[in-house]
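Structure record follows, encoded as structure tokens.
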Amino acid sequence: MKIKRSILITGGAGFIGSHVVRRFVTRYPDYRIVNADKLTYAGNLENLTDVEKKDNYFFEKIDITDKKAIAGLFAKYGFDGIIHLAAESHVDRSITSPDEFVHTNIVGTVNLLNAALSSWQKEKENKLFYHISTDEVYGTLGSTGRFTEETAYDPRSPYSASKASSDHLVRAYYHTYGLPALISNCSNNYGPNQFPEKLIPLAINNIKTNRPVPVYGEGANIRDWLYVEDHAAAIDQIFHNGKPGQTYNIGGNNEWRNIDLIRLLCRIMDRKLKRPEGESEKLITFVKDRPGHDLRYAIDSSKLKNETGWEPMTSFEEGLEKTVDWYLTNTGWMNNVISGEYEKYYDSMYTGR
Ligand code: NAD
Ligand code: TYD
């Protein structure tokens with residue numbers, strides 16, 4: 001089959017990346033999809049076993065901070081599109097190891113921008129560098145208002161500061177060098193394949209195994225949750241219909257206080273595990289708050305809706321059911337990712353050992 005497009009997806013073995021890879025590989029058989037991933041603790045090729053044998057899918061184990069490896073990758077595949085998801089993505093880890101975040105999220109992004117620029121120097125027509133970012137770059141909200149594309153950046157954790165920095169660099173390359181680039185900033189994702197250091201899979205796993213469910217501070221912080229496949233659908237729309245130089249906010253229109261979300265999960269888990277009602281809630285444990293903990297995120301995604309028609313398709317009820325079912329069924333996946341290093345991380349984070 002003739003290859004219509006050659007697309008690099010970085011971080012495709014991670015949580016969101018694996019859903020984007022699956023969507024592109026299966027929906028666009030005439031696109032060549034190259035997944036480049038370092039396979040850090042968060043990258044897992046088990047996320048992609050259902051597509052790994054497809055003719056249009058290729059995997060390359062690459063560290064985006066390695067300039068030489070990136071140059072070789074571009075020379076080998078001649079990309080016309082890049083969807084850049086590879087990143088260190090967990091706020092708590094960024095508080096204990098900020099250097100790693102600067103290195104991967106900032107230096108890694110610059111390496112990719114340089115490689116795209118040099119590979120597209122003769123012809124920039126029909127090329128696109130699509131940078132995947134987060135709503136956390138906008139900082140924190142009070143009890144009202146939502147982030148729009150015009151909200152000033154005000155990152156407050158090393159993670160969000162490193163993402164903000166990479167966003168600025170992407171825009172700088174668009175304005176300075178004319179690199180065809182765009183950015184989307186999305187709210188909190190949840191769904192299958194998410195590493196259990198993030199709130200929802202961590203809570204599901206702890207409830208299942210009867211471990212305390214740590215709630216930071218008073219559980220009053222608010223996040224806007226989006227089902228991961230809805231994010232992948234938005235990325236598809238923006239990749240095909242977004243305009244270079246633009247930014248698109250993506251959100252779930254689905255704000256929850258952490259404590260209410262955890263209580264809801266406990267009720268779902270009681271039902272699924274046939275426990276007496278109220279049993280799992282007993283596991284809720286309030287712990288020391290995260291330093292600099294952003295109070296509230298909420299996204300206004302009306303620009304994306306108006307320009308592409310995209311809207312979240314999965315209700316929270318349906319998405320949480322699917323997510324819980326996935327984790328309860330895929331026990332092998334969970335056992336593999338929580339062996340070894342995870343236990344060390346968990347102990348240092350939550351049990352002070
Ligand atoms: P994740 O941590 O699950 O996956 C990150 C992937 O990047 C992993 O596969 C990892 O191996 C890879 N990676 C890390 N460092 C690398 C390096 N130096 N070279 C190559 N690959 C490397 O993260 P995620 O939750 O899937 O997030 C993906 C992207 O989406 C990130 O850029 C993140 O900032 C952004 N984002 C995430 C959320 C969310 O709620 N998870 C929301 C908005 C935006
Ligand atoms: P998280 O999933 O780490 O995403 P982010 O920090 O990027 O929003 O956390 C979601 C919310 O849940 C955040 O307000 C921190 C809180 N939280 C807990 O209360 N307990 C936990 O064990 C974790 C991991 C997070």
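All of these numbers come straight from a predicted model, not from anything done at the bench. Numbering of ligands and ligand atoms starts at 1, following listing order.
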Going by the side-chain contact (heavy atoms from CB on, under 4.5 Å) test, name the single residue among Asp224, Leu141, Val137, Asp300 that passes it with Phe147.
->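 The option that passes is Leu141.
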Can you list every side-chain hydrogen bond (donor to acceptor under 3.5 Å, both in side chains) pair that touches residues 256-267, not counting sequence neighbours?
->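 Non-adjacent pairs meeting side-chain hydrogen bond (donor to acceptor under 3.5 Å, both in side chains): Asn254-Trp256, Arg257-Asp260.
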Asp167 side chain to Ser133 side chain, donor-acceptor N/O pair below 3.5 angstrom |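 Present: a donor and an acceptor within the cut-off.
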Is it the case that Tyr297 and Glu136 place a side-chain donor and acceptor less than 3.5 Å from each other?
->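 Distance-only check passes for Tyr297 and Glu136.
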Hphob cluster co-occupancy, Leu304 + Tyr138, side-chain heavy atoms under 4.5 angstrom =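 Hydrophobic grouping puts Leu304 apart from Tyr138.
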Can we call the ring centroids of His240 and Tyr28 under 6.0 Å apart?
->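 Judged by ring-centre distance (under 6.0 Å), His240 and Tyr28 do meet the cut-off.
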Does the ring centre of Tyr173 sit less than 6.0 Å away from the ring centre of Phe129?
->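 Ring centroids of Phe129 and Tyr173 are no less than 6.0 Å from each other.
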Result of checking Glu307, Glu149, Lys303 against Tyr248 for side chain to side chain donor-acceptor pair (under 3.5 Å) =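 Only one of Glu307, Glu149, Lys303 forms a side chain to side chain donor-acceptor pair (under 3.5 Å) with Tyr248, namely Glu307.
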Who's touching ligand 1 if we go heavy atoms under 4.0 Å?
->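 Under the 4.0 Å cut-off, ligand 1 touches Gly11, Ala13, Gly14, Phe15, Ile16, Asp37, Lys38, Leu39, Thr40, Ala42, Gly43, Ile62, Asp63, Ile64, Leu85, Ala86, Ala87, Ser89, Thr104, Ile132, Ser133, Thr134, Tyr159, Lys163, Cys186, Ser187, Asn188, Asn189, Lys198.
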Sort and list the pairs that fulfil ring pair (Phe, Tyr, Trp, His ring centres under 6.0 Å) and have at least one residue in residues 100-125, not counting sequence neighbours.
->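 For residues 100-125: none.
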Name the residues in contact with ligand 2, where contact means a heavy atom under 4.0 Å away: which are they?
->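 Its neighbours under 4.0 Å (heavy atoms only) are His90, Val91, Glu136, Asn188, Glu197, Lys198, Leu199, Leu202, Pro214, Val215, Tyr216, Asn221, Arg223, Asn258, Arg290, His293, Tyr297, Tyr350, given by chain and number.
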